[in-house]
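Quick note: numbers below take in every heavy atom, side chains included, and nothing from hydrogens, waters or symmetry partners.
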Amino acid sequence: MRVLVTGASGTVGSLVVRRLLDRGAAVRALSRDPARRIFPKGVDPVEGDLERPATLDGVFDDVEAVLLYPHPETAEEVVDRIRRSGVRRIVLMSSASV
């Protein structure tokens with residue numbers, strides 16, 4: 001299973017990435033600037049910005065699940081893009097409504 005993790009370099013996201021890798025999942029990590037981030041071996045870093053959904057073209061290709069930390073102003077458009085890409089599972093992580 002290939003999983004795209006948004007917020008993959010953050011506190012929670014980095015732990016999720018490691019757990020997914022430990023369980024044998026293929027992990028793709030979304031980052032605004034992947035060249036400036038260090039991800040564990042085996043992670044496929046991709047560039048994109050949840051605040052600018054147009055930058056997400058192609059990042060969901062061959063992905064079965066997305067762990068999503070949405071940006072409130074663009075969440076609806078991002079979820080629409082995920083759905084159109086054929087991703088079957090979205091796990092929403094958010095504290096924005098707390």
- Query: To the nearest 0.5 Å, how far apart are CG in Leu30 and CG in Leu56?
  - Reply: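 With rounding to 0.5 Å, CG (Leu30) is 6.0 Å from CG (Leu56).
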
- Message: Would you compute the distance between atom CD1 of Ile90 and atom CG of Leu68 and round it to the nearest 0.5 angstrom?
- Response: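 So the CD1 of Ile90 and the CG of Leu68 are separated by 7.0 Å.
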
- Message: Using a 3.5 Å distance criterion without hydrogens, assess whether the side chain of Arg88 forms a donor-acceptor pair with backbone atoms of Ala65.
- Response: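 No.
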
- Measure the shortest side-chain to side-chain distance between Val66 and Val91 over non-hydrogen atoms and say whether it is less than 4.5 angstrom.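 With C-beta onward as the side chain, the pair stays apart.
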
- Side-chain contact test, heavy atoms from C-beta onward, threshold under 4.5 Å: evaluate it for Arg28 versus Val5 and give yes or no.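 They are not in side-chain contact.
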
Group every Ile, Leu, Val, Met, Phe, Trp and Tyr by side-chain heavy-atom contacts under 4.5 Å, then state whether [X] and [Y] land in the same group.
{"X": "Val43", "Y": "Val3", "result": "yes"}
{"X": "Phe60", "Y": "Met1", "result": "no"}
{"X": "Met93", "Y": "Val27", "result": "yes"}
{"X": "Val87", "Y": "Leu4", "result": "yes"}

- Task: Not counting sequence neighbours, list each pair that qualifies as a side-chain hydrogen bond (donor to acceptor under 3.5 Å, both in side chains) and has a residue in residues 60-70.
- Result: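 Listed by first then second residue: nothing to list.
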
- Item | side-chain hydrogen bond (donor to acceptor under 3.5 Å, both in side chains) contacts touching residues 15-25 (sequence neighbours left out) |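 For residues 15-25: none.
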
- Item | Side-chain cluster (under 4.5 Å, hydrophobic types only) that Ile38 belongs to, other residues |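 Via sub-4.5 Å side-chain contacts, Ile38 links to none.
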
Side-chain atoms of residues 74-86: list all donor-acceptor pairs with protein atoms under 3.5 Å, sequence neighbours left out, distances to 0.1 Å.
residue	atom	partner	partner atom	Å
Thr74	OG1	Leu50	O	2.5
Arg81	NE	Pro53	O	3.3
Arg81	NH1	Asp57	OD1	2.7
Ser85	OG	Ile82	O	2.5

Donor-acceptor pairs are to be reported for all side-chain atoms of residues 7-14 against protein atoms at under 3.5 Å, with residues two or more places apart or in another chain.
residue	atom	partner	partner atom	Å
Ser9	OG	Arg37	NE	3.4
Ser14	OG	Gly10	O	2.7
Ser14	OG	Thr11	O	3.2

- Partners meeting salt bridge (charged side-chain N to carboxylate O under 4.0 Å, His left out) with Glu47 (sequence neighbours left out):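 Partners of Glu47 by the salt bridge (charged side-chain N to carboxylate O under 4.0 Å, His left out) criterion come out as none, since no residue qualifies.
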
